[in-house]
Number of protein chains: 2
Amino acid sequence: MSSPTAPRPPVPRRPRRHDPGRRDRLIDAALTVIAERGVAGTTHREIARAADVPLGSMTYHFASLEEVLAEAFTRHAESVARVFDERLSAAQDRDAAVEAVITLVADDLLGSRHDLVLSVELYVAAARNPALRAVTQAWMARSRQALERHFDATTARELDALIEGLVLHSALSTDPMTSEQIRHAIHRFLR
Amino acid sequence: MSSPTAPRPPVPRRPRRHDPGRRDRLIDAALTVIAERGVAGTTHREIARAADVPLGSMTYHFASLEEVLAEAFTRHAESVARVFDERLSAAQDRDAAVEAVITLVADDLLGSRHDLVLSVELYVAAARNPALRAVTQAWMARSRQALERHFDATTARELDALIEGLVLHSALSTDPMTSEQIRHAIHRFLR
DNA sequence: GCACCATACGTACAAGCGTACACATCCAAT
DNA sequence: ATTGGATGTGTACGCTTGTACGTATGGTGC
């Protein structure tokens, strides 16, 4: 068709340029994809599509897919931990702390299917990726520390486990526990 | 080299034949691979390698990879549920039932990294696969039913969640809870 | 014995993957 | 105003994947 030495025909290129903070948006897009398709279905192309950027942008901003996942999960853990911290910091006494925990489980954690799925995906990924295991470790330590503002160390640890169980159990069930049932379980443990 | 019409040179083929129960062995091999590499790393080829059978054997015995996963997880859930049933059936009174629960968590569930990983992998897979969600539902229902031999329905449900939390929490921690700590947590809840 | 067919085996193929890389573009420092 | 380097874009390559399918083989019912 065209002569071998002819300059390339002007292939239409994307007009998009100068997108500061694109890296951040990519990490958020990765979290969306993980929540929707799982880690297994999270690919460079899928993330790029979700963020509406070309594939080449992925390899420019991240050295590997592993790096994207690590950054994404770190952000997720940080975000959940912050809410945890805030709720418990706001509580003035033990009774308020108990209420804060109930709100945390019933509203914050169970309220968002997105976050819920991300957490379980992180658990699995952490089982095989040391970097992600460190993320979960730091997260768990921070949660426990937040609980220790109001409860002794043993209680904090046990309560943390109970929270984990209530959340996971409800998440998997077609018939999740109501707020009242969660309140009952937590009061029973802390009675 | 060889003439185009010459009969094929005798390509060395596997001597293996007549392997009744191969399908079963493939399902077990799938569970091994899932535990070692995760669902994401579980492929036809990997399972075939683990079971030492040719790739073609996979497509003969299973219509799809999804079918393999479903059968494998069903087997896993059945196996864990059976142990659960047995321990609780053997208990004659409430005190024995409490001890049974402690043994279940501290020994059976936490004792096997293999089973532990499989369970979490199942949770994640179930989040996106209705067939697997049905498997987890049935499993949870059966566990609760076993607990209801000794505890009222509300207690059974709460206790089931606590067990889940203790197991998952310990599994993820680099500093897992000791048997004594687990005993303490369960006695505290059931006191 | 013998033929049939469930089982076993090897291989091909299209699709999708992570990653590399050459080229385009434009902000910022001079 | 120029230019150099950071950022953005398109595409190609080698690899692995799920799956399909033609052929081989030997246990079983006759």
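Throughout, a chain's letter reflects where its sequence line sits, starting with A, and its residues are numbered from 1. Bear in mind that the values here come from a model prediction, so they are computed numbers and not experimental data.
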Indicate every side-chain donor-acceptor pair of residues 115-123 of chain A with a distance under 3.5 Å to a residue at least two apart or in another chain.
{"residue": "S119(A)", "atom": "OG", "partner": "H76(A)", "partner atom": "NE2", "Å": "3.1"}
{"residue": "S119(A)", "atom": "OG", "partner": "D115(A)", "partner atom": "O", "Å": "3.0"}
{"residue": "E121(A)", "atom": "OE1", "partner": "V39(A)", "partner atom": "N", "Å": "3.2"}
{"residue": "E121(A)", "atom": "OE2", "partner": "R128(B)", "partner atom": "NH1", "Å": "2.7"}
{"residue": "E121(A)", "atom": "OE2", "partner": "R128(B)", "partner atom": "NH2", "Å": "3.3"}
{"residue": "Y123(A)", "atom": "OH", "partner": "E164(A)", "partner atom": "OE2", "Å": "2.3"}

Specify the separation, in whole Å, of atom [atom1] of [X] and atom [atom2] of [N].
| X | N | atom1 | atom2 | answer |
| --- | --- | --- | --- | --- |
| L26(A) | dT9(D) | CG | P | 11 Å |
| D19(A) | dC26(C) | CG | P | 13 Å |
| H18(A) | dT7(D) | NE2 | C1' | 10 Å |
| I47(B) | dT16(D) | CD1 | P | 18 Å |

Does R94(B) make a cation-pi contact with F151(B), if we ask for NZ or CZ under 6.0 Å from the ring centre and within 45° of the axis?
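No, R94(B) and F151(B) do not form such a contact.
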So, using side-chain hydrogen bond (donor to acceptor under 3.5 Å, both in side chains) as the criterion, who are the partners of Q137(B) when residues are at least two apart?
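side-chain hydrogen bond (donor to acceptor under 3.5 Å, both in side chains) list for Q137(B), sorted by chain: T174(A).
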Qualifying residues under side-chain hydrogen bond (donor to acceptor under 3.5 Å, both in side chains), relative to N129(A), sequence neighbours excluded
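N129(A) satisfies side-chain hydrogen bond (donor to acceptor under 3.5 Å, both in side chains) with no residue once adjacent residues are dropped.
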Kindly write out the residues that satisfy side chain to side chain contact (heavy atoms under 4.5 Å, CB included) with D95(A), not counting sequence neighbours, or none if the list is empty.
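Result, side chain to side chain contact (heavy atoms under 4.5 Å, CB included) vs D95(A): D93(A).
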Check: protein-nucleotides 19-22 of chain C nitrogen or oxygen pairs below 3.5 Å:
{"residue": "dT19(C)", "atom": "OP2", "partner": "L65(A)", "partner atom": "N", "Å": "3.0"}

Counterpart residues, salt bridge (charged side-chain N to carboxylate O under 4.0 Å, His left out), relative to [X] (two or more places apart):
| X | answer |
| --- | --- |
| D175(A) | R157(B) |
| R133(A) | none |
| E46(A) | R37(A), R49(A) |

Among residues 122-133 of chain B, which residues get a heavy atom nearer than 4.0 Å to DNA chain C?
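Listed by number, there are none.
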Presence of [X] side-chain N/O under 4.0 Å of [N] phosphate oxygens OP1/OP2:
| X | N | answer |
| --- | --- | --- |
| R22(B) | dC9(C) | yes |
| R23(A) | dG8(D) | no |
| H61(A) | dG8(D) | yes |
| T43(A) | dC17(C) | yes |

Between R183(B) and E180(B) (salt bridge meaning N to carboxylate O under 4.0 Å), is one present in this structure?
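Salt bridge present between R183(B) and E180(B).
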